[in-house]
Amino acid sequence: MLELVNLCKAFGQRVVADHLSLNVADGETLALLGPSGCGKSTLLKMIAGLERPDAGQIRLGGVDLTALAPEARQVALMFQDFALFPHLDVRDNVAFGLIERRLPRREAYARAERALAELGLAGYEARRVWTLSGGEQQRVALARALVTSPRLLLLDEPFSSLDAHLRQSLQAEFRRRLAAARIPAILVTHDRAEAFALADRVAVLQQGRVVQCGRPQELLAAPRNAWVASFIGYHNVLDDGVLPEQAFLLGPAHPPARVERVDSLSEGIRVELTQQAAHFTLTLSAREAAQFPEGLRAGQDIGLGIDRSRLIRFAGA
Amino acid sequence: MRAVFSRQALALLPLAFLILMALAPLARLLYEGGGGLSANLFFDDYLRWRLVWSLTQAAVTCVLALAIGLPLAWALARFAFPGRVLILRLLLLPFVMPTLVAALGVLALFGPHGVTGLNLQDTPWLLLYGNLFYNLPLVIRAACEALATVPASRLAAARTLGCTAWRAFWRVEWPVARPWLASALCLVFLYCFSGFGLALLLGGQRYATVEVEIYSLVAYELNLADAGALALLLLCLSGGVAFGYAWLERRLATPGKVEPLPPRPAATLAERTLLAGALVLLALFAAAPLLAVAGRALSAGVEAWAVLGEGDTLAALANTLRFSALALGAAAVLGLAHALAAQRWLWLRAAAFLPFVLSPVCVAFGLLLLYPGWSASLALLLGAYALLAYPFVAKSVAAALDGVPPQWPQAARTLGASAPRAFARVVWPLLQPAFRRGLAFAAATALGEFAVTLFLSRPEWTTLTTLIYQRLGRPGAASLDAALVLSSVLMLFAVSAFVIIEWPARRDRDSDHA
């Protein structure tokens, strides 16, 4: 169990942690979700011991880590660019931490090779790290982090340097690895889809504070305020809540709305509409779009009904 | 907290050294020279000629190096031919060649007993030729680097928009190359203006420079006032140029990754002529003096080679190696400390350039004035050697440190390595190629050091360079031959340093790719 208690950290005027408190249970994966520059990475560095908090405590399994040097914490951090050592081959990269723990070289190599084999990288031992693809580098970094059996795993944007296709195929495997490792893990990301796909719980950060923390469904079912709602992907945010897609009814029986803009996206057709000075964004599935055999064009009027009973009210209001 | 403290401690070492060995002597020199400036320095025809000629030869070298170097660099950068990569690498060789070797090479070609039969002694051409030996490769390297930052796509775009190759050069490549060339020419001017060895050996009576004049005023006439005034003037002028260089250098932004135009075979007659002309000029200016030294030394008789067995020579060789080894040890420590400290304090990085800018003669003169009681102390000589050599280590290691992202040692820390262990296992292995390169440059500087040794000279401190100078002072072809044999030994040292610099072990080359 990891406990962050009232952590504070500021770089001059920029506050990256403002009395921040969080718990992560054993075997649980927590995602820290926030816009770029909100202090997520700094938070990870504080937990790893690479930055010192101005105030507050970091406890792991009941023991206060705050004053410990990074090498004494047994906290593994996987860096955004993976930080593989270019002067060492794949085997030496993975065995690095084992050798620091005074394991005989032969034993360290054997364990490193096992870890590589588990991640499907058998035969890569003598490769130079810069000859690996992005996905392979990510798996080497993960093997290097897990092979030392850390008590906590920290992941800094683990997928951001991979292309979109690879990202999706690796996320499922990643989730399995995290579950198998049975240690608490913290994942930092600015991508809500990644946070929802990988984490048991998501903490939404803004200016060094946890605005809301909960399981993905809880966040979607009751966002705390307008900022959280739009950050986790809702388009139609009103003063007192959000209107989910199901709240919108299409058809000639409903009052007219003006189509402002139509975009084809991979998940459907995005339509921006105005009705009595209110602005809405809808994503139509292929089935819904079939109601308009002549297609949708900007400037056209279509019937749009709104079912106010489906309004999701903000939890904090 | 502790890390900050130890960095501060690291910075103290090079700082204290720079203050004691460079800034304090300069301040002393300013004090000494300030009084002399009021004297009739500018109304003395003789001194005025020295000053005018010093400026003229530096300026003329700049113009010649640009006029010859730019087309030469363009041909080397754009045309493929066998041996191209080797030639581009060999362009670094003059950087490590002692001035005495180059000067002797020039004399062996165009001196009183020169192989060409053309005696150019007591004309300005000898010095200009020597200047070009060093500075033409410098301009060519800068221009080649600049041309490599022009993306091939940009040139292709210019061609599709209707530019001929000639117009594309002026409208696309030249604007990119201009700041690089300007900064290179600042260095050329600086080297020529404050160079000592070449001017002493090649200038003769009439075409020696201010730097040589300072030396003779101190060494032969004991006229410290005039020497101080001249040194002050020299310092101001070269300080101004150095400032311009630093300013230009900062504006040289290297874009991330560029696909430059790949070299292609010279196709038309005009292109082949250009390439052939370029290679001939390069051979004439950069290779001929070295070949002349080696050729003359090899063809010299057994009597000339017997000089190697003489007691004087062995003592000088021992001195050269001993001074260089001691200076190298100091340079390694100072350079590492300076580079590590400069990671945190950027102004320290600029301070590493200080010894490059200072003229050795001014430093030596300042040291003599400041520490008269120490003038016979070996520590002072070694300090001066270290001062001239360590910036190479500092610069090289600092650049390599910039290439080590902070997350690498951080990753090592999270994997259980303490700060010293993380440095030893991750940072240090990555710095090693740069460290060795820096040491090789430093070694070349120390082995070929001439100005300071001559200035602080004592009979028991004779090194190879000062011994060669003594030999040259004796009349006759036999003395020249003996000097050439000694120079070829010195050249061998320089070539070894060059090989270490340019042909690193395979493992290092691999990690250079990272």
Side-chain angles (χ1 to χ4, degrees), chain A residues 41 44-45 47-52 67-89 92-103 108 112 127-132 137 140-141 143-157, chain B residues 1-8 256-257 259 336 339-340 343-344 346 396-397 399-438 504-514:
Chain A
S41 294
L44 282 197
K45 288 191 172 173
I47 300 170
L50 299 167
E51 289 281 355
R52 214 170 242 280
L68 284 185
E71 63 269 22
R73 296 188 178 202
Q74 288 180 279
V75 170
L77 169 56
M78 196 170 126
F79 286 79
Q80 190 170 2
D81 63 354
F82 311 135
L84 298 178
F85 304 131
H87 61 298
L88 301 177
D89 60 18
D92 271 313
N93 262 284
V94 177
F96 190 96
L98 295 173
I99 289 170
E100 283 310 316
R101 285 180 174 65
R102 302 282 182 275
L103 233 66
R127 288 275 293 273
R128 292 268 160 189
V129 290
W130 68 84
T131 65
L132 304 179
Q137 289 192 15
V140 172
R144 185 174 74 175
L146 289 177
V147 77
T148 54
S149 315
R151 298 167 61 204
L152 171 69
L153 181 62
L154 305 173
L155 306 158
D156 191 359
E157 308 254 4
Chain B
M1 278 291 94
R2 217 178 60 211
V4 173
F5 178 74
S6 59
R7 286 268 158 111
Q8 272 168 346
K257 198 160 166 58
E259 290 285 342
L336 262 184
L340 287 172
Q343 280 299 103
R344 190 173 170 85
L346 282 182
S396 183
V397 173
L401 269 174
D402 289 342
V404 179
Q407 57 267 36
W408 288 351
Q410 283 177 352
R413 296 294 301 275
T414 63
L415 291 168
S418 61
R421 290 277 299 170
F423 183 81
R425 286 192 69 196
V426 175
V427 180
W428 177 241
L430 294 169
L431 294 184
Q432 242 176 3
F435 183 62
R436 219 183 35 228
R437 271 173 74 95
R506 165 135 192 83
R507 208 167 55 90
D508 299 337
R509 273 219 302 285
D510 283 354
S511 52
D512 280 352
H513 285 276

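Computed over heavy atoms, backbone and side chain alike; hydrogens, waters and symmetry mates excluded. So that the names make sense, note that chain A is the first sequence line, chain B the second, and so on, each numbered from 1.
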Okay, A:L84 and chain B: the region with an atom under 4.5 Å from a heavy atom over there is backbone
Chain A contact via B:A422 - which portion, at a heavy-atom distance below 4.5 Å:
neither
How far does CD of A:E71 sit from CZ of B:R421, to the nearest 0.5 angstrom?
11.0 Å
Distance from A:L44 atom CG to B:T414 atom OG1, nearest 0.5 Å?
11.0 Å
Closest contact, heavy atoms only, B:L401 versus B:V427:
CD2-CG1, 4.0 Å
Greatest number of heavy atom pairs closer than 4.5 Å to chain B - which of A:G97, A:A141, A:G49, A:A76
A:G97
What part of A:F96 lies closer than 4.5 angstrom to a heavy atom of chain B: side chain, backbone, both or neither?
both
Sidechain-backbone polar pair: A:H87 side chain, B:R425 backbone, donor-acceptor under 3.5 Å
yes
Note: B:A411 and A:R144 closest approach over all heavy atoms is CB-NH2, 3.6 Å
A:R101, part contacting chain B, at a heavy-atom distance under 4.5 Å:
side chain
